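Notes to accompany the following structure.
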Amino acid sequence: MNKIISNFLYVGSGIGLTLKLTFGGVCIGVTGGILLSILRYSTIGKPIVNAIISILRGTPLLLQLSFIYFITPSIVGFRLDLLAAGTLAFGVNSSAYIAEIFRAGIESLPKGQFEAAQTLEIPRFYMWKDIILPQVMINIFPAMINEIIALLKETVLIAMIGGMDIMRRAQTIAVEQYEYFMPLCIAGTYYYGLVLLIGFIGKKIENRKFYAKNS
Amino acid sequence: MLKIRDICKVFNHIKILKNISLDIKKSSIFGIAGPSGCGKSTFLRCIQKLECFDQGTIECKGRTGFMFQDFQLFPHMTVLQNLIYAPSLKNKGGKTDCKKQAEDILNNLGIASKINEYPSSLSGGQKQRVALARSLMAKPDILLCDEPTSGLDVSTIMDVIFLLKSVNKQLNITIIIASHDLDFLTKISDRIILLKGGEIAVDINPLTCDMPVDFLKKYY
């Protein structure tokens with residue numbers, strides 16, 4: 001019993017890294033995703049944004065993570081620590097997917113919303129900030145929760161560059177004790193609990209939507 | 001007030017508007033009739049610069065306001081926020097002046113009680129009034145209305161006629177209405193053109209024309 005508890009606590013001490021990577025990744029991903037999706041609506045920005053999204057979606061996340069962690073020092077002259085490299089890699093990768101989610105959300109709005117803003121002479125910045133994005137955020141919220149859950153699960157890749165997250169700790173126990181079942185079940189319990197928590201928070205926020213979508 | 005010369009608009013190699021030329025007088029109510037797809041809305045959108053035209057000129061003296069067929073109120077904002085958002089961005093006096101103006105307009109249009117409601121809780125007629133109020137907040141000289149009666153019942157249409165006429169008289173606003181509802185147009189307009197195949201088929205004054213609805217129907 002003591003062994004189970006100590007294994008449970010050891011694996012659980014990796015939650016901090018997993019959550020930091022997820023939170024940081026979501027922050028970078030949402031910011032980057034919004035910028036990419038708005039830039040897509042400018043004539044000059046569109047081909048550049050399309051190329052960026054194509055590369056980010058077309059190459060493995062592990063490759064991007066390795067690139068940032070191992071290759072960046074020779075370009076910028078200093079090494080990013082594990083957390084910074086992981087957050088950056090997960091965030092940048094996620095921004096491509098979030099940009100696509102935003103694109104779907106923006107395209108689902110009636111064209112008339114843009115035209116109404118234009119007719120009322122609302123400057124472009126305010127049109128995006130106060131008219132378009134608040135409506136888009138509500139439409140894409142369930143898809144965003146999905147993306148956050150996917151990102152949480154993708155953080156296991158941090159183990160590949162030495163990060164001691166939930167998964168890596170479970171593997172360490174498995175190797176040390178020659179037993180896979182228990183540590184993997186413990187890791188699964190943590191991940192599933194976190195996913196349920198994200199889903200629960202998402203539902204709570206979704207239920208607070210205060211207007212019907214169709215006016 | 002509005003001088004339109006030789007406007008042409010092409011969509012997918014089809015000429016939607018063919019050399020339309022018009023002069024629209026100040027403070028008049030001008031109706032554009034015609035069957036679906038004849039170019040009424042495109043014509044209005046060209047005046048509002050929501051659509052580029054391929055040829056011709058539009059000289060407009062004054063500010064224009066536009067009422068969309070489906071209102072296009074901002075669903076995440078209350079009626080008051082819908083009204084004051086755009087003006088308060090321009091008005092250095094801030095939201096207080098705009099709020100006062102919005103309350104006055106909503107009072108005049110008889111929907112002051114809905115000031116804190118969201119558009120989703122309003123009826124079609126109420127949304128119509130809010131859309132009108134939002135357009136009036138910008139103090140336009142010309143108000144362009146795209147199918148203002150679509151989806152409204154008879155009594156609400158009568159209200160719309162009364163509202164637009166009173167706006168026209170009290171505020172001296174020129175109103176241009178695109179609609180396929182001939183009955184509505186003949187009741188409200190000083191002058192009506194009927195567009196067919198992108199051209200002006202008829203140009204009449206419904207006040208001097210005998211049986212204007214029947215007359216226009218012949219050209220439909």
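Each chain gets a letter, A, B and so on, in the order its sequence line appears, and its residues count up from 1. Side chains included, hydrogens not; waters and symmetry mates left out as well; all remaining heavy atoms used. Just so it is clear, the structure is predicted and the values come from calculations on it, not from any experiment.
Proximity to chain A (any heavy atom under 4.5 Å) is restricted, for Tyr85(B), to the side chain, taken from C-beta onward. Contact annotation for Phe66(B): both backbone and side-chain heavy atoms come within less than 4.5 Å of a heavy atom of chain A. Interface residue Glu121(A): backbone and side-chain heavy atoms are both found under 4.5 Å from chain B.
Remark: Arg134(B) qualifies as a cation-pi partner of Phe74(B) under the 6.0 Å distance and 45° angle criteria applied to the six-membered ring.
Salt bridge annotation for Asp23(B)-Arg5(B): present, with a cationic side-chain nitrogen under 4.0 angstrom from a carboxylate oxygen.
Counting heavy atoms from C-beta outward, Ile193(B) and Phe30(B) have side chains that approach closer than 4.5 Å. For the pair Glu115(A) and Glu51(B), the minimum side-chain heavy-atom distance is 4.5 Å or more.
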